[in-house]
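Data block below; observations after.
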Amino acid sequence: MSERTLADWLSYLEQLHPTAIDMGLERCREVARRLGLGRPAKRVITVTGTNGKGSTCAFLASLLRRQGLRVGVYSSPHLLRYNERVSIDGVEAGDAQLCAAFAAVEAARGEISLTYFEMGTLAAFWLFEQAKLDVAVLEVGLGGRLDAVNLIDADLALITSIGLDHAEWLGDSRDSVAYEKAGILRPGRPALCGDLEPPQPLVDQVVALAAPFFLRGRDYDLRIGDQGWSWRGRDLQGRTLELEGLPLLDLPMENAALAVQAYALLDLPWNAAEIAAALAAARVTGRLERRRLSWKGKPLDLLLDVGHNPHAANYLASRLRELPAGRRRRAVFGLLADKDLPGVLAPLLVQVQDWAVAPLPTPRSRPAVELEAALRNVGASVTAYPDVAAALMAQCERAAAGDEILLFGSFYCVAEALEWLAGQAGQGG
């Protein structure tokens, strides 16, 4: 088994459990016990939320590494390589490291069946513990209360936003989603929330656990202007902290503000210039990511975003409204079947003048004919294509110089686009 390649391991993990999702911590907890796992780092920060987890983790890691701390980040899903899910000190885990970690978990699990995500989470914890980290930043995969990441008691628990997604697992109301996400909170440990109107179940859990609570709009906040943004919050002792003149960011500044509030609770040096530089350095592939492409001599702007639910689509639309008007915007769009198609489309209909839709390379994809019909029903200009690459090429052909092409709707959609773009770069296109 130790001779398996990473591709072999990933293929094996996909077959290991009868279902892709199997909520609950008992199986993971027992395998972690057999592995002898302790804490993955001296300090652990766990991040959940309907949207914004990836950028919040990226901001946190950048802030912490700027102080010379050794930081591990566990995130999901990945776009192009599984290695993206585990980084140590800013470097993705190598194939050999991941294979060794999977082998260790496999040897320990015995008769216990684990899902793909559970195996990956335990493997990440195993690697982190070996790496002697100062801080581990852990992104919840789904929900919070029963997610494998929640095996670890977080020193800080962050909830970015609370919206409707994954209703079959988290329920169909904000209250039920909030209850699941509040499961990452721990007694007496700080809880942070970036949602301006947290549902009552979250507030009730904060009270029950006597957790110091830091709520956006009350305990910390941000103000965004045309030339920059400012932040105001407080530390654990209740002292007010402020930052002025921060540079505008491509990634959501609401999530940067949440990360800064978390940083403020860690008793680390407070230097405005260092904090600003760390925030500006944070990157998340596929989240409001801009690319330039020269297509047959035409300069085109591309914007890639993995937003795939109404909350994310509304945020994307708000950012598009900030851009200068006057140029045509063309979309390349694909969505999974379990997502709210009308809710994702509605905010963006006035922002996009022409749509190209395609199925995604997964059985969970919504058929292109359904995407096409939904857009035709609201009067949009739309054409269906057999795959994302064909849709993107067609939009490049039709676009005029300076047009913007928006690729969004799913991690799968953005991943396909990135692979196509990598191919164009390789051909010098």
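Scope of the values below: all heavy atoms of this structure, side chains included, with no hydrogens, waters or symmetry mates.
By the salt bridge (charged side-chain N to carboxylate O under 4.0 Å, His left out) test, Lys298 pairs with no residue at all, sequence neighbours left out. Residues meeting the salt bridge (charged side-chain N to carboxylate O under 4.0 Å, His left out) test with Asp301, sequence neighbours left out: Arg292, Arg327. Residues passing the salt bridge (charged side-chain N to carboxylate O under 4.0 Å, His left out) test with Asp219 are Arg234, sequence neighbours excluded. Qualifying ring pair (Phe, Tyr, Trp, His ring centres under 6.0 Å) partners for Trp231, counting only residues two or more places apart in sequence or in other chains: Trp270. With sequence neighbours left out, Arg29 forms a salt bridge (charged side-chain N to carboxylate O under 4.0 Å, His left out) with no residue at all.
Looking only at distances, a side-chain donor or acceptor of Arg319 sits under 3.5 Å from a matching main-chain atom of Asp250. Under a 3.5 Å cut-off, the side chain of Arg43 and the backbone N or O of Leu266 do form a donor-acceptor pair. His308 places a side-chain N or O within donor-acceptor distance of the main-chain N or O of Val306, the cut-off being under 3.5 Å. Judged by distance alone, the side chain of Asn377 and the main-chain N or O of Ala373 form a donor-acceptor pair under 3.5 Å. Without hydrogens or angle criteria, Ser62 side chain to Phe59 main chain gives no donor-acceptor distance under 3.5 Å.
Ion pairing between a basic and an acidic side chain is recognised when a charged N comes within 4.0 Å of a carboxylate O; Asp354 and Arg398 show such pairing. With salt bridges taken as basic N to acidic carboxylate O contacts below 4.0 Å, none links Arg39 and Glu129. A salt bridge between Asp155 and Lys42 is absent, with no side-chain N of the basic residue lying under 4.0 Å from a carboxylate O of the acidic one. Between Arg186 and Asp153 there is a salt bridge, with a side-chain nitrogen of the basic residue lying less than 4.0 Å from a carboxylate oxygen of the acidic one. Residues Lys296 and Glu397 are paired through a salt bridge, judged by an N-O separation under 4.0 Å between the basic side chain and the carboxylate. A salt bridge is absent between Glu404 and Arg330; no separation between the charged side-chain nitrogens and carboxylate oxygens falls under 4.0 Å.
For the residue pair Ser365/Thr362, the side-chain donor-acceptor check at 3.5 Å is not satisfied. A donor and an acceptor atom, one from each side chain of Asn255 and Ser55, are located under 3.5 Å apart. Side chains of Tyr220 and Arg216: no donor on one and acceptor on the other come within 3.5 Å. Side-chain contact check for Asp8 and Thr5: at least one donor-acceptor pair (N or O, by modelled atom type) lies under 3.5 Å.
The minimum heavy-atom distance between Gln395 and Ala331, with the atom names listed, is NE2-O, 3.0 Å. When all heavy atoms of Pro247 and Trp229 are compared, the pair lying nearest together is O-NE1, 3.0 Å. Closest approach of Val135 to Ala41, counting heavy atoms only: C-CB, 3.6 Å.
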> For Cys28 and Thr121, what are the C-alpha separation, side-chain angles and deciding distance, and is it a side-chain contact (heavy atoms from CB on, under 4.5 Å)?
Replying inline: CA-CA 9 Å; Cys28 269; Thr121 302; 6.0 Å; no
>> For a side chain to side chain donor-acceptor pair (under 3.5 Å) check, start with the C-alpha distance between Asp340 and Asn309, then their side-chain angles and the critical distance, and finish with the verdict.
In response: CA-CA 6 Å; Asp340 178 359; Asn309 54 43; over 6 Å; no
> Could you go step by step and tell me if Phe102 and Leu6 meet the side-chain contact (heavy atoms from CB on, under 4.5 Å) rule?
Replying inline: CA-CA 9 Å; Phe102 286 137; Leu6 180 57; 3.8 Å; yes
> Step by step, would you call Asp403 with Arg329 a salt bridge (charged side-chain N to carboxylate O under 4.0 Å, His left out)?
Replying inline: CA-CA 6 Å; Asp403 280 2; Arg329 181 175 292 118; over 6 Å; no
> Can Leu421 and Leu293 be said to form a side-chain contact (heavy atoms from CB on, under 4.5 Å), step by step?
Replying inline: CA-CA 8 Å; Leu421 286 168; Leu293 174 68; 4.3 Å; yes
>> Run the side-chain contact (heavy atoms from CB on, under 4.5 Å) test on Leu202 and Tyr179 for me, step by step, so that the C-alpha distance in whole Å, both residues' side-chain angles and the decisive distance to 0.1 Å come before the verdict.
In response: CA-CA 6 Å; Leu202 170 58; Tyr179 172 77; over 6 Å; no
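One finds the CG atom of Asp195 at 8.5 Å from the OG1 atom of Thr160 (value rounded to the nearest 0.5 Å). Between the NZ atom of Lys53 and the CD atom of Glu139 there is a distance of 5.5 Å, given to the nearest 0.5 Å. The CG atom of Leu316 sits 5.5 Å away from the CG atom of Leu406 when rounded to the nearest 0.5 Å.
With contacts defined as side-chain heavy-atom distances shorter than 4.5 Å, the pair Thr48/Leu158 does not qualify. Between Leu341 and Leu371 the shortest side-chain heavy-atom distance falls below 4.5 Å. At a threshold of 4.5 Å between non-hydrogen side-chain atoms, the residues Leu215 and Pro198 count as touching. Tyr412 has its side chain out of reach of Pro77: every pair of non-hydrogen atoms, C-beta onward, lies at least 4.5 Å apart. The closest side-chain heavy-atom distance from Phe128 to Val86 is below 4.5 Å. Between Leu246 and Met253, every side-chain heavy-atom pair lies at or beyond the 4.5 Å cut-off. Between Tyr12 and Tyr116 the shortest side-chain heavy-atom distance does not fall below 4.5 Å.
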Could you pull out every donor-acceptor pair under 3.5 Å between side chains of residues 278-290 and any protein atom, sequence neighbours left out?
residue: Arg283; atom: NH1; partner: Ala280; partner atom: O; Å: 2.8
residue: Arg287; atom: NH1; partner: Asp305; partner atom: OD1; Å: 2.3
residue: Arg287; atom: NH1; partner: Asp305; partner atom: OD2; Å: 2.8
residue: Glu289; atom: OE1; partner: Gly286; partner atom: N; Å: 2.6
residue: Glu289; atom: OE2; partner: Arg291; partner atom: NE; Å: 2.9
residue: Glu289; atom: OE2; partner: Arg291; partner atom: NH2; Å: 3.0

